[in-house]
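Just follow the structure's listing: the first ligand is 1, and inside any ligand the first atom is 1.
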Amino acid sequence: MKILGIESSCDETAASVVEDGRTVLSNIVASQIEEQKLYGGVVPEIASRRHAESICGVVSEALSEAGCKMEDIDAVAVTYAPGLIGALLVGVSYAKGLSYASGKPLVPVHHIAGHIAANYISHPELEPPYLCLVISGGHTHLVAVNTHTEFRILGRTRDDAAGECFDKVARTLGFPYPGGKHIDESARQGNRFAYRFTHPKMDGSEYDFSFSGLKTAVINLVHNASQKGEELNKFDVAASFQQTVCDMLSEKLMLAAENYGYDKIAVAGGVSANTGVRSRIKRECDKRGYTLYLPEFRYCGDNAAMIAAQGYYDFMAGKRADGSLNAVATLSLENI
Ligand code: KG4
Ligand code: ZN
């Protein structure tokens, strides 16, 4: 079964054809990063306009690269939530039109479920149930993946998402948007024990995260040094910051795995591309004999192959939308 996936929730216009949820026949991503970089982040209005300009070409390219015409496609899957509303609306409107014109069913896909499904592409043997740490620019969740289409959130961030924290720290250190990958590269050249940042203490769920205190601590460190005219070693700051994030993420992930009895662990979302996070979680899983599933680098960030992969499972579970489908800016993974 061939699913055409469409993704436009943030600053990537993407389309992909995936067979049976696992085999990628094409994966086209048109990124707006070069333009959004000029503004230090995503300007929603610009994002919507660029999606509208790119979507026809991106979808045509995804079909032709897969060697398909619309008649070969079994369903159109589209990200409808969560994300920037104007950006989502471009993908949703296009997918509705395409579904209506071609007579193919329309399948609404939750963006975070899509990130999780990236692991099905990279690991054909992976089947639920398992525990997944979702770390993206907008979300940080510990998710019990009960079935391909049923999720329970065990923990979440109380404030900033992990990716947001990477990007803000990167900006403070003078790196362009999105700064996560610059922190990753700099951290490899620095001493991760040069600075010590404290971990947050929180009431409530022991599986929740908080990154705003760490972000503020790094910003204060950099500003205080600049006020005193002191030179900071950026590599050391990046390495120490990344080390603290790795500690926070792996600590909660391992705690949840142990308490809930999971021995299958996955990681998903843009920050799962971080080499420090990947190696740290791998080490912790190896120590405990857990099997770890990480998406290949090209499926960590936003793409449509993950939407088509999740679309396949949603389709098989009977999920359908009609012309009344709307985009939703905020929607829990538990309410889909
Ligand atoms: O999942 P994603 O592409 O978009 C959202 O759904 O939010 O995640 C984007 C986030 C950005 O914050 C970006 O800086 C971060 O993922 N990111 C990284 C790395 N590559 C991307 N963060 C840390 N290290 C990386 N190598
Ligand atoms: Zn994403």
Parallel, tilted or perpendicular: which one describes the rings of Phe209 and Phe211, with boundaries at 30° and 60°?
parallel
Identify the closest protein heavy atom to [atom]: which residue and atom is it, and at what distance?
atom	result
atom 3 (O) of ligand 1	Asp302 N, 3.1 Å
atom 24 (N) of ligand 1	Asn274 ND2, 3.0 Å
atom 17 (N) of ligand 1	Gly270 O, 3.6 Å
atom 13 (C) of ligand 1	Asp167 OD1, 3.7 Å
atom 5 (C) of ligand 1	Gly137 N, 3.5 Å

Gly163 heavy atoms, cut-off 4.0 Å: which ligand 1 atoms fall inside?
12 (O)
Show me which atoms of ligand 1 lie under 4.0 Å from any heavy atom of His115.
1 (O), 6 (O)
What part of His111, side chain from CB on, backbone N/CA/C/O, both or neither, has a heavy atom under 4.0 Å from ligand 1?
side chain
Looking at His115, the N, O or S atom sitting nearest the Zn ion (ligand 2) is NE2
Please say yes or no: joined through hydrophobic side-chain contacts below 4.5 Å, possibly via intermediate residues, are Tyr313 and Met1 part of one cluster?
yes
Is a salt bridge present between [X] and [Y], judged by a nitrogen-to-oxygen distance below 4.0 Å?
X	Y	result
Arg280	Asp247	yes
Asp167	Arg171	no
Lys181	Glu185	no

His139 N/O/S atom closer than 2.8 Å to the Zn ion (ligand 2):
no
